[in-house]
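Numbers here simply count residues along the sequence, with the first being 1. Being a predicted model, the structure only gives us computed values, none of them experimental. We count ligands from 1, going down the list as the structure has it; atoms in each ligand are counted the same way.
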Amino acid sequence: MPYDPESDPEWWRRAVIYQIYPRSFRDANGDGIGDLEGVISRLDYLNDGTENSLGIDAIWFSPTFPSPMKDFGYDVSDYCGVHPDFGDMAAMDRLIAECHKRGIRVLLDWVPNHSSDQHPWFIESRSSRTSAKRDWYFWRDFGEDGAAPNNWRSIFGGPAWQFDDATAQNYLHSFLIEQPDLNWRNPDVVAAMHDTLRFWMSRGVDGFRVDVLGMIVKHPDLLDNPPNPDWKHGDRDANRVLRTNCQNLPEVYDAVAEIRKVLDEYPGRMAVGEVFGRPDQLARYYGTASQPGLHLAFNFHFIGQDGEYAPWDADLMLKIVAGYEAALPAYAQPCYAFGNHDRIRFISRHHGDGMGHLRARAAALLLLGLRSTPFLYYGEEIGMEDVDVPEEQMQDPARFLWEGRDPERTPMQWDETTGRGFTTGHPWLPFGAAGLSVAAQSGDAASLLALYRRAIWTRKRTPALHSGSMGDYAAVDGVFSFVRESEGERIMVAVNTVPESRTLSVAGDVLVATGPRLGPVDEVELEPLGAAWVRLR
Ligand code: GLC
């Protein structure tokens, strides 16, 4: 469907959204770092209007703003600009226009919890205790006996407070020292951040992925967090304490409602929040019927929680999906992702027995079969795996404190040439194994890429799949299944999580499957770790 923000305001309910990590998608100028021109040159791969392309409806770009790149763009020094590594404002305008020409919506990554320490706001704030922007960030004296102002931990590890010589006070940083937290209880901060949304929407941007949204509002007294009773020595340092007083506070939902009002000033715009927590906590981000919140809130429970990765297991799938459906208000649309730039890639997470590639095929049909706005991380459609990055080539500062995220951020593998079609220069991170590329899979009907294309286009033309209801959940003998339904059409999605064949006694038409058998069947054969979409008779 051609781009028209006015006539199709609920586009995001039916959309398949693709995440691009801009440093790693395509490098047009040969400096080894992906850029906006590089993305433009590959948009037809994502959607050229035909079933030879992937068929995605929107792109979420990880941060493209000016930044010292301490956290690769999640340390923003100007919310209204473009980092020169990626291009300039003219390139961004061109990118937006080229996406819209193809009916692709554009989501930018808005980082409201913290700025870079090089943002002019923080430079001013840190300059003196009486600076007009002092209260835009959190400045506190040491506690008694030189203790930190409270016991909060940085998500990347270590205390969340940094002493600053200039004014002899500490500032709060929930992530890196170079990422000071903004004070969302200060109305000037709220107004300034809202304006950054307007800036981009005025330029045609269709929405935002909102970074660590759940942490933007802190307890007014910055009270200590309670100790985590489950924390053991060797566990992640950040989890020593629960985030009771810095995450999912009741007031954050009010801040979300205000953000929603700003989005509603522009037709057809949307926001998806990076939020963490229990189903009931995620559900609250959707707001209420009278006070709407986010359009979408990520549910990462298929990836895992609190740093633990989830197994590929039918009972767990049933629990996640049915539990979340029960927690959501009727108008809320779930939003699942199986990967992103912070977590080990899908295949590498599920490859303990060497069969991650089979699970990746079934994962495509699960992700795209669920009632959800699915998010697909670049490269998942060709089965990219985590790449072993030698110590001296590692880039992610979080590797010292948390887990290195370089392996899942390596360049997209377009073809089999030395530069993999990504660059003519030296790539900023090493490539994965040869033989795994868009070119290698494009003409192969049995490839993962072909399966993704078939599934996405089938979903697009099948109302039961893109907007139907969901029910009849079951987890039996390692098979998770459910039924999508719209206007009398019923489609069963079945995922076999065990490495043995399974037979389901249902008759129908196999629309898409991990195996070769499509068309009418009297019973459905699921190959080991396979999956199928079956129109029921
Ligand atoms: C989010 C981002 C992650 C970043 C962090 C701090 O979790 O996804 O990449 O490091 O926020 O901004």
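- Under a 4.0 angstrom heavy-atom cut-off, Arg209 registers as being in contact with ligand 1.
- For ligand 1, the atoms closer than 4.0 angstrom to any heavy atom of Phe156 are 10 (O).
- A cation-pi contact links Arg345 to Tyr378, judged by a cut-off of 6.0 Å to the six-membered ring centre and 45° from its axis.
- Remark: the His341 side chain and the Glu408 side chain contain no N/O donor-acceptor pair separated by less than 3.5 Å.
- Thr373 and Arg14 share no donor-acceptor pair across their side chains, judged by distance under 3.5 Å alone.
- Neither the backbone nor the side chain of Lys70 has a heavy atom within less than 4.0 Å of ligand 1.
- Judged purely by distance below 3.5 Å, without hydrogens or angles, the side chains of Tyr74 and Asp109 pair a donor atom with an acceptor atom.
- For Phe72, the heavy-atom gap to ligand 1 stays at 4.0 angstrom or more.
- Here is the list of ligand 1 atoms found below 4.0 Å of a heavy atom in Arg409: 9 (O).
- Listed by number with element, the atoms of ligand 1 under 4.0 angstrom from any heavy atom of Glu274 are 1 (C), 7 (O), 8 (O).
- The closest non-hydrogen atom to atom 2 (C) of ligand 1, taken over Asn340, Val111, Asp211, comes from Asp211.
- Checking His173 against Glu178 by side-chain atom types alone, no donor-acceptor pair falls below 3.5 Å.
- Here Phe163 and Phe142 bring their ring centres to under 6.0 angstrom of each other.
- Near Asp71, meaning under 4.0 Å from any of its heavy atoms, are these atoms of ligand 1: 4 (C), 5 (C), 6 (C), 10 (O), 12 (O).
- Each of the atoms 3 (C), 4 (C), 9 (O), 10 (O) of ligand 1 lies under 4.0 Å from some heavy atom of Arg405.
- By the criterion of a heavy-atom distance under 4.0 Å, neither the backbone nor the side chain of Tyr21 is placed next to ligand 1.
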**Request:** Could you please spell out the steps behind the salt bridge (charged side-chain N to carboxylate O under 4.0 Å, His left out) verdict for Lys70 and Asp75?
**Result:** CA-CA 7 Å; Lys70 294 292 176 193; Asp75 48 323; over 6 Å; no

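- Close approach of ligand 1 to His114 (heavy-atom distance below 4.0 Å) involves ligand atoms 6 (C), 12 (O).
- Side-chain contact between Arg23 and Asp35 is absent, with no heavy-atom pair separated by less than 4.5 Å.
- The ligand atoms of ligand 1 that sit less than 4.0 angstrom from a heavy atom of Phe175 are 5 (C), 6 (C).
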